[in-house]
2 protein chains.
Amino acid sequence: MSAPVSKSPATLHDVAREAGVSLATASRSLNGSARKVNESYRLRVVEAAQRLGYTTNLFAQAVAKGSTTTVALIVADIADPYFSSIAAGVIDAAGNENLVVTIAVTGRSSERELDTVRALRGQRPKVMILAGSRTTGSPYEEHLRAELSSFEDTGGKVAFISQDAAPFATVLLDNRGGARDLAIALAGLGYRRVAVITGPAEIRTAEERLDGFRTGLAEHGIPLLPEQIIHADFTREGGYRGTQELLASGAPVDLIFAVNDVMAVGVVSALRDAGVVPGQDIGVAGFDDIPTVRDITPALSTVRIPLEDVGRHALRLATGTATDAAAVQQAVSTETIIRGSTPPRDATAG
Amino acid sequence: MSAPVSKSPATLHDVAREAGVSLATASRSLNGSARKVNESYRLRVVEAAQRLGYTTNLFAQAVAKGSTTTVALIVADIADPYFSSIAAGVIDAAGNENLVVTIAVTGRSSERELDTVRALRGQRPKVMILAGSRTTGSPYEEHLRAELSSFEDTGGKVAFISQDAAPFATVLLDNRGGARDLAIALAGLGYRRVAVITGPAEIRTAEERLDGFRTGLAEHGIPLLPEQIIHADFTREGGYRGTQELLASGAPVDLIFAVNDVMAVGVVSALRDAGVVPGQDIGVAGFDDIPTVRDITPALSTVRIPLEDVGRHALRLATGTATDAAAVQQAVSTETIIRGSTPPRDATAG
DNA sequence: CTGTTAGCGCATTCAC
DNA sequence: GTGAATGCGCTAACAG
């Protein structure tokens, strides 16, 4: 017994024949164009298509029209809530414009990022959105820019999320300002001996947040010495290990700022595992306001970034749907959020 | 001054001309085929391509070959860690086979799911992976199956994640068995008065877990009465509200089982907000073992599903890369994980 | 092994 | 308005 022969999908040609009209008429009545086809014909075509289970072959359409309906999104790690929230926003906005989004991950490797961009160009996406944070000093950065420029030269559009990546469109995250505001708020709560757990030095987002935080502290006359800064992976594990390292050093601390929430979550767990009560013995703050930080104990103080909006923004910026037509950069406002992880210091300190 | 004219991307034709060879030779040396082209020619072609910044137009390639390198992944909500973890697995496995994955979200609407599948068919993906859990009694289910069957008839392959969706390939999640084992473990710890916060009745995953849990309890002679079962949204908020409802009812409970971790997280927060200490006053357990449940307090007891593996599995199942060639269904083993949210009852109860 | 030619499925310009 | 013919970028026979 032979397996059922796999028929190939119905083509526009089939539909036209079934409806007894020409290929051209079928095309016109099914897919856009300056519609000027007799309603009765149109109906017959639509019905024939229905009967045959016809679906436009987007690839073929793309080849014929020379343009696609694809947007490529490149993230470091889709399982990271930071990126998955942004992805949700991008996908949502894309849906509104009838665009399909393909997602690729780089695992935070600049090399893979470059490879990915190159591979994705084969898709001839209408736009490419790079959500990973930029690194400094990577030998691939330059090639990446070249690749992206070439992509734009050939009709594509790219949008970055994070820091300024001129000449490309960018949804600017105010890392410095947000961190500065947070530092000021925290200083106002009475924290004085702070440590920062940051990411690898090449990650610009980490550096900017560290820098902004330092600035804010300085405004309150609080120093941030090199030994109070610990570099670790930009992940939950990084935050965890960084905290262990900090604790081991015996440095007196009343506050730990982790440059992103995912790390901060690791900080909180590490503290607890070490018998230190987060929020009580030591304050903890993060950055991003990912969904889970409301649910850990104590709830985490952080800097809110409207992640989904950022994703939506990026897409609209790239497709030119953004209301602010001229804007090639859109800054997103951040908001300091104080929760239980950083109670007023004078009230809780021993 | 005029804006730079957007050149169109270099075509294979351009490359061939630049290299002084025929179109066919260029094609052969650049993209696969049974390679048998003179090395010196190949080199010239490759260099020319490099010089022109040529990238294969995957769309055109797809049209010509009649097959694509796309896999479509359909999830309820990409920002939900359950789905984003699965997505990470799918993307990872896809990368190994040089496949690009496009993601679409349904927001848990069967109607949108159907629409999405239809739309995605236009992409002529090699495989379609449906990760959302199935619903029962939806008028769209039938249409969905028809659409998917038609998709398979025309050469596509579909894979489901969750419950049996014959005749389609499925990565089977042992919801019943996992929940049963959990119930048994929990009963063994001394819990007796349990409540379950489950999802909408149409969601099969929720029903299966509820059912399995009930079975496990029954084996210990513990009943699960209707009034001890609360239906809520399949989300964090659902868990939160369901708990409020439960608390308001005044029913005496020593354990709450939420049918998924995301809901369980809501349960824990609701308890805490109500002044009830989770894990101490009332035990809490979930299902899935999403990453964050390790980091909430107390850490959540749950049933572990290797989410990323599930994603990888699904892809391999669909592409036929699965080692177990004959398998059209792959069951994934679950593991009961007891953490701080369900300490031995006799030791903690007042 | 290389070049020529004919499609792939669709959009579109051009006559009718 | 409608249909026939051409081309999009590429692959796959097909000859040389």
Side-chain angles (χ1 to χ4, degrees), chain A residues 6-45 48-49 52-70 121-126 154-155, chain B residues 6-46 48-49 52-70 121-126 154-156:
Chain A
S6 119
K7 302 160 285 196
S8 36
T11 87
L12 190 56
H13 195 147
D14 300 333
V15 176
R17 195 157 32 69
E18 171 85 7
V21 301
S22 80
L23 221 182
T25 302
S27 171
R28 290 193 265 252
S29 35
L30 247 25
N31 316 313
S33 113
R35 56 177 290 298
K36 32 174 81 176
V37 46
N38 193 309
E39 186 60 13
S40 67
Y41 274 20
R42 207 186 61 76
L43 229 64
R44 279 168 51 189
V45 172
L52 270 46
Y54 170 80
T55 6
T56 304
N57 184 326
L58 289 172
F59 284 8
Q61 194 172 57
V63 175
K65 300 174 92 152
S67 78
T68 60
T69 57
T70 302
R121 282 195 65 185
Q123 291 248 48
R124 300 286 187 274
K126 192 183 283 286
T154 55
Chain B
S6 121
K7 303 161 282 193
S8 36
T11 89
L12 190 58
H13 195 153
D14 300 334
V15 175
R17 194 158 33 69
E18 172 84 7
V21 301
S22 79
L23 223 184
T25 302
S27 172
R28 288 193 266 254
S29 31
L30 248 26
N31 315 314
S33 115
R35 57 175 286 300
K36 30 174 84 175
V37 46
N38 192 309
E39 185 60 14
S40 67
Y41 273 21
R42 208 185 61 75
L43 229 65
R44 278 168 52 189
V45 172
V46 170
L52 269 46
Y54 170 81
T55 9
T56 304
N57 183 328
L58 289 173
F59 284 8
Q61 192 172 53
V63 174
K65 299 174 94 152
S67 78
T68 58
T69 57
T70 302
R121 282 195 67 185
Q123 289 248 48
R124 300 287 186 277
K126 192 184 284 284
T154 56

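In what follows, chains carry the letters A, B, and so on, assigned in the order in which the sequence lines appear, proteins first and then strands, with residues in each chain numbered from 1. Values reported hereafter were calculated over all heavy atoms of this structure, with side chains retained and with hydrogens, waters and symmetry mates removed.
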Inter-residue atom distance B:D14.CG - B:L23.CG, 0.5 Å rounding: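 Between atom CG of B:D14 and atom CG of B:L23 there are 9.5 Å.
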Base C:dG3 to side chain B:R28, donor-acceptor N/O within 3.5 Å cut-off: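 Flag set: donor-acceptor pair detected.
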OP1 or OP2 of D:dT2 under 4.0 Å from side-chain N/O of A:S22: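 So the side chain of A:S22 is outside the cut-off, no N or O lying under 4.0 Å from OP1 or OP2 of D:dT2.
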Touch class at under 4.0 angstrom, heavy-atom based, for A:Y41 against every strand present: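 Here A:Y41 touches the backbone only, sparing every base.
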Given atom [atom1] of [X] and atom [atom2] of [N], what is their separation to the nearest angstrom?
X: A:D14; N: C:dC8; atom1: CG; atom2: P; value: 11 Å
X: B:Q123; N: C:dG9; atom1: CD; atom2: P; value: 17 Å
X: B:F59; N: C:dA11; atom1: CZ; atom2: P; value: 14 Å
X: A:R42; N: D:dT2; atom1: CZ; atom2: C1'; value: 16 Å
X: A:L30; N: C:dC10; atom1: CG; atom2: P; value: 9 Å

Under the side-chain hydrogen bond (donor to acceptor under 3.5 Å, both in side chains) test, residues paired with B:T11 that sit two or more places apart: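 Per chain and number, B:T11 pairs via side-chain hydrogen bond (donor to acceptor under 3.5 Å, both in side chains) with no residue.
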side-chain hydrogen bond (donor to acceptor under 3.5 Å, both in side chains) against A:S67, all qualifying residues, sequence neighbours excluded: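 Listed in chain order: nothing, the list is empty.
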Residues which pass side-chain contact (heavy atoms from CB on, under 4.5 Å) with A:A62, listed by chain and number, not counting sequence neighbours: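 Once residues adjacent in sequence are excluded, the partners of A:A62 under the side-chain contact (heavy atoms from CB on, under 4.5 Å) criterion are A:T68, B:F59.
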Salt bridge (Lys or Arg N to Asp or Glu O under 4.0 Å) involving B:R121 - partner list, sequence neighbours excluded: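 Result, salt bridge (Lys or Arg N to Asp or Glu O under 4.0 Å) vs B:R121: B:E147.
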Exercise: identify the closest heavy-atom pair between A:A49 and A:L30: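 Heavy atoms of A:A49 and A:L30 come nearest at CB-CD2, 4.1 Å.
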Inter-axis angle, terminal five-pair segments of the helix from C:dC1-D:dG16 to C:dC16-D:dG1 [nearest 10°]: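 Roughly 40°, once rounded to the nearest ten degrees.
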List, with names and distances, any nitrogen or oxygen atoms from the protein found under 3.5 Å away from nitrogen or oxygen atoms belonging to nucleotides 7-10 of chain D.
unit_1, atom_1, unit_2, atom_2, d
D:dC8, O2, A:V63, O, 3.4
D:dC8, O2, A:A64, N, 3.3
D:dC10, OP1, B:Y54, OH, 2.5
D:dC10, OP1, B:N57, N, 3.3
D:dC10, OP2, B:L12, N, 2.2

Whichever of B:A24 and A:T25 has its nearest DNA chain C nucleotide further upstream toward 5':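 Closest to the 5' end, via its nearest nucleotide, is B:A24.
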